[in-house]
Amino acid sequence: MTALPGETPGTVGTDTPQGAEPPAATDAEGPAHAEAPDATGAEAEAEEVDGTGEAGDAEETTEAGGTGDAQEAGETGEAGGDAPAGGASTGGETDAPTAAALSEAQAELAAQRALREKIAKRKAEKEGPVAAGTKLSGSAADLLAAVRAVESGEKAGTEFFDSPAAAPAPRRAAPAPAGQPPRPAPAQAAPADRTASPEAVDAVRAVLTEGGAPEALALPATGTLGEQAAELLRADPWQLLALPGVRPEQADGFARALLGAACGPDDGRRTAALVGWLLERAALQGHTALDAKAVRAALAERAVSDPEEAVRNAVEEGVALVFQEGTDPTEPDAAYEEDGEAPAEAETGGEAPEPVQVLLGLDRYALAEESLADGLARLMNACEKGADWAEAAAAAPSPSAAELIRTAATAGLVAHSGGEAARAEPAALIAAARGLGLRALGATHSEDGRRRLAEAVGAPDAAVTLAGLLSGTEGPGRDEDGALALDLLVVLDAPQLDVEGAAVLVEALADGVRLVLSGDPGVLGSAGAGRVFADVLAARACPQVVSRTPDPGPIGELVSGIGIGELTQVEAPGKEVVIVPVRDAGEAVHRTVQLVADSVPRAFSIPAGDTQVITVGHGGAAGTRVLNEALKQRLNPGPGRFGGFDPGDRVIHVPAPGRAVPGVVRSADSEGLHLDCGGVPVVVPQERVESAVRHGWALSAHQAAGMRWPAAVVVLPGDAAAGLSRPWVYTAFGRGERHLSVVHGVDQALPHAVAQIPAQERTTRLRTLLEALPTPDAAS
């Protein structure tokens, strides 16, 4: 019998562990935390932001007042460095990737460049209004016209912020003396394969030293801002905010050191950089856009006296794009207030229309969402029936698999949802399509998922990782037109798709290819910005198949209940689910090590290497750092002579932001650290080890998403309560195949999170774009 909170708990094994007892947590970085946003969008700062898209240890509040999941899927390093008097300390040096590590990234960058060129061409060819604005008139039509004028560069953005009936307010000049150099155009991020010249790095180092910033930022600054980084930083010190980990107060100190009295809180360069920084911070939390009101509120908290003018300036400078959402097409003549609020019924003479929501976004995410929506529409409208799938559907192993096969036979885009057991259904679809002579393939988020899918299909070449498919290192390659040589692609773990990756993928599919997005909507979202799978489901722009195959066993029963907001007691006669109560973080660490090293191997014959520890965050007294240190001391003690690692260490390799690849250290030499990642040898160059590799006995739930292990130990110390949510619990509890132990120290916070804290909503535009698309029937 399994004990849930409030019941008599049981444990796996009661023997005292052999060997040295793991130490209690030391050097704790503070508890994981999450603050609810207040009415003005008060911020809750992340503990750290690294180059992998992770912000902090738990779900946090964005600077602009929105909330989102903490992006932990690729956390690989810690910010460091002492803060100088100017306040510009930002973290450790980020080395430029070497040529040996770029084979995968180069292909994706080339695809990104081709995608952007194609998007630009499409945007230039568009002359009429978008579908969402065809029925607007009056103030709403003026608003849309202003948006288009700003995006095309024909006009400034003032029409957007000022009522059409009023004259545009005069711009207030930034408080700077005459002769202040104009603000340079925002610099594009340098390609990852560009190596900064020593001269450029030295020039940046000199400017950083003059402004009191750490010299260690010279290389990342040059990589981000380009060869002219020194000139850019001298003319606009707030460009320093473009570097990961830099805080506004640090950039302010750097600017004061360089400019003296020539800068102030309302300096146009500062306000534009703050808007860009807020949007970048929001992207780390999963948002592709933010409400303009929230951005203005956040700017006011940063001592900006006229936030509306600051936003206008950022739009004019090209830092942000502006969009309107939520118009009511049944009231085309309704007038809208300047702040986006709908007028009262008495003023419109009828029912008040839906308010207009004004959004601000970065161009990279706007282009990706528009390209993705166009690409999905292309696939939906280009599908042809082709082969006869009736016999394949009749031979399907389950009714849900048969339904999926029948649906995919007639649709170019299909959304399939279900739990772990439902993964057999897309596997059956792939096998059926290959039996019909079609080029069918499945793509997964992780190597573990790829292996499990290949076994289910019964063909090793039927499954690839998504990263390998896009880079060209896995899969069928591309045809003469540059498209993937496929007839059917099934993407499993679809909730892990971010909008930029999805746009690149869809752009690589030729007309007529069938695309099936399959995944569990209850798990945590992608590490990158966007909520592609959730938006596709919500828009109902394509056929949807919901699996009726339940997850088996006590773990499946427990996780299924969590998915609907219920934490129920389940019968576990074989101790498949065990609750281990603890009083504090120190005891949580001790019990976790005991479970992994002794209890689970003895009770279930599962070796320690097949048991994965999952906890809420990386910091704190029982976060991944402390747990990894304790587990290493017990399972593979050593001096860490290879950059902190020893042969036999379990690690997580992060080759790109948002990707977490489990591996084991084999050796090290002059080439770098040699890893075995699921049977694939990987060499991490020496200069990349610190930023791209970390110990992997303990992971966050974001890192563990898309993977499963024979046993999982979920650690919930008392300071983790604020980071819990239903998707987090659902994801973490579902990682164990045969056994789940819960080291429980959060009391009633666990059932409360499951029942009352759903997924944090991400602000995106994809759903609106998809809802505006014509259906295949309407198009024909």
Side-chain angles (χ1 to χ4, degrees), residues 369 371-383 389 393 396 398-430 432-433 440-445 449 453 466 486-499 501-503 505-506 509 512-526 530-549 563 705-706 727 730 759 761-762 764-779:
E369 285 184 310
S371 173
L372 179 56
D374 289 345
L376 294 176
R378 173 175 57 83
L379 295 179
M380 287 188 287
N381 294 321
C383 177
W389 297 68
S398 68
S400 292
E403 181 183 0
L404 178 60
I405 293 172
R406 287 192 297 269
T407 305
T410 59
L413 176 66
V414 177
H416 169 261
S417 58
E420 283 294 330
R423 295 171 74 95
E425 295 156 19
L429 170 62
I430 296 170
L441 196 66
T444 66
H445 179 65
L453 177 60
L466 189 59
L486 292 171
D487 299 308
L488 168 70
L489 176 64
V490 179
V491 178
L492 279 78
D493 309 314
Q496 305 305 310
L497 270 178
D498 63 87
V499 68
L505 175 65
V506 171
L509 298 178
V513 175
R514 289 172 168 84
L515 175 63
V516 177
L517 299 178
S518 175
D520 189 339
V523 301
L524 290 167
S526 64
R531 53 193 300 268
V532 175
F533 189 56
D535 283 339
V536 169
L537 291 175
R540 298 192 171 277
C542 68
Q544 299 184 17
V545 177
V546 179
S547 174
R548 298 184 296 277
T549 305
Y730 185 92
E761 289 295 327
R762 299 184 180 191
T764 65
R765 298 175 53 242
L766 181 60
R767 176 180 177 178
T768 302
L769 294 171
L770 292 174
E771 289 175 338
L773 294 174
T775 63
D777 292 339

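Starting from 1, each residue takes its place in the sequence as its number. Computed from a prediction, not measured in an experiment: that's the story for all the values here.
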Please determine whether side-chain contact (heavy atoms from CB on, under 4.5 Å) holds for the pair V532 and L372, giving the CA-CA distance in whole Å, both sets of side-chain angles, and the decisive distance to 0.1 Å.
CA-CA 9 Å; V532 175; L372 179 56; 4.0 Å; yes
Among all residues two or more places apart in sequence or in another chain, which pass the salt bridge (charged side-chain N to carboxylate O under 4.0 Å, His left out) test with [X]?
| X | result |
| --- | --- |
| R767 | E771 |
| D520 | none |
| D535 | R531 |

Ignoring hydrogens and angles, tell me if any N or O in the side chain of [X] forms a donor-acceptor pair with the backbone of [Y] under 3.5 Å.
| X | Y | result |
| --- | --- | --- |
| S518 | V491 | no |
| D498 | G501 | yes |
| R514 | A408 | yes |

| message | Pairing donors with acceptors under 3.5 angstrom, does anything connect the side chains of R423 and T444? | response |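 Distance-only check fails for R423 and T444.
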With side chains defined as the heavy atoms from C-beta onward, is the minimum distance between [X] and [Y] less than 4.5 Å?
| X | Y | answer |
| --- | --- | --- |
| L429 | L488 | yes |
| V523 | F533 | no |
| C542 | V414 | no |
| L492 | P426 | yes |
| T764 | V499 | no |
| L413 | V516 | no |
| V506 | L379 | yes |
| L769 | D374 | no |

Minimum-distance pair of heavy atoms, taken over all atoms of [X] and [Y]:
| X | Y | result |
| --- | --- | --- |
| R548 | P399 | NH2-CB, 3.5 Å |
| L773 | A377 | CD1-CB, 3.7 Å |
| A541 | M380 | O-SD, 3.1 Å |
| C383 | A411 | SG-C, 3.5 Å |
| G519 | P495 | CA-CD, 3.8 Å |
| A421 | T549 | CB-CG2, 3.9 Å |

Residues at least two apart in sequence or cross-chain that pass side-chain hydrogen bond (donor to acceptor under 3.5 Å, both in side chains) with E369, listed by chain then number, are T288
**Request:** Could you pull out all residues at least two apart from Q544 that satisfy side-chain hydrogen bond (donor to acceptor under 3.5 Å, both in side chains)?
**Result:**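 Applying side-chain hydrogen bond (donor to acceptor under 3.5 Å, both in side chains) to Q544 gives none.
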Applying side-chain contact (heavy atoms from CB on, under 4.5 Å) to S526 and R762, what does each step give before you reach the verdict?
CA-CA 11 Å; S526 64; R762 299 184 180 191; 3.3 Å; yes
Checklist line | side chain to side chain contact (heavy atoms under 4.5 Å, CB included) involving A401 - partner list, sequence neighbours excluded | finding: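 Once residues adjacent in sequence are excluded, the partners of A401 under the side chain to side chain contact (heavy atoms under 4.5 Å, CB included) criterion are A396, P397, S398, E425, A428.
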To the nearest 0.5 Å, what is the distance between [atom1] ([X]) and [atom2] ([Y])?
| X | Y | atom1 | atom2 | answer |
| --- | --- | --- | --- | --- |
| D487 | L441 | CG | CG | 11.0 Å |
| L497 | H445 | CG | NE2 | 9.5 Å |
| L466 | L489 | CG | CG | 8.0 Å |
| L505 | L509 | CG | CG | 5.0 Å |
| L376 | L515 | CG | CG | 7.0 Å |
| S417 | L517 | OG | CG | 11.5 Å |

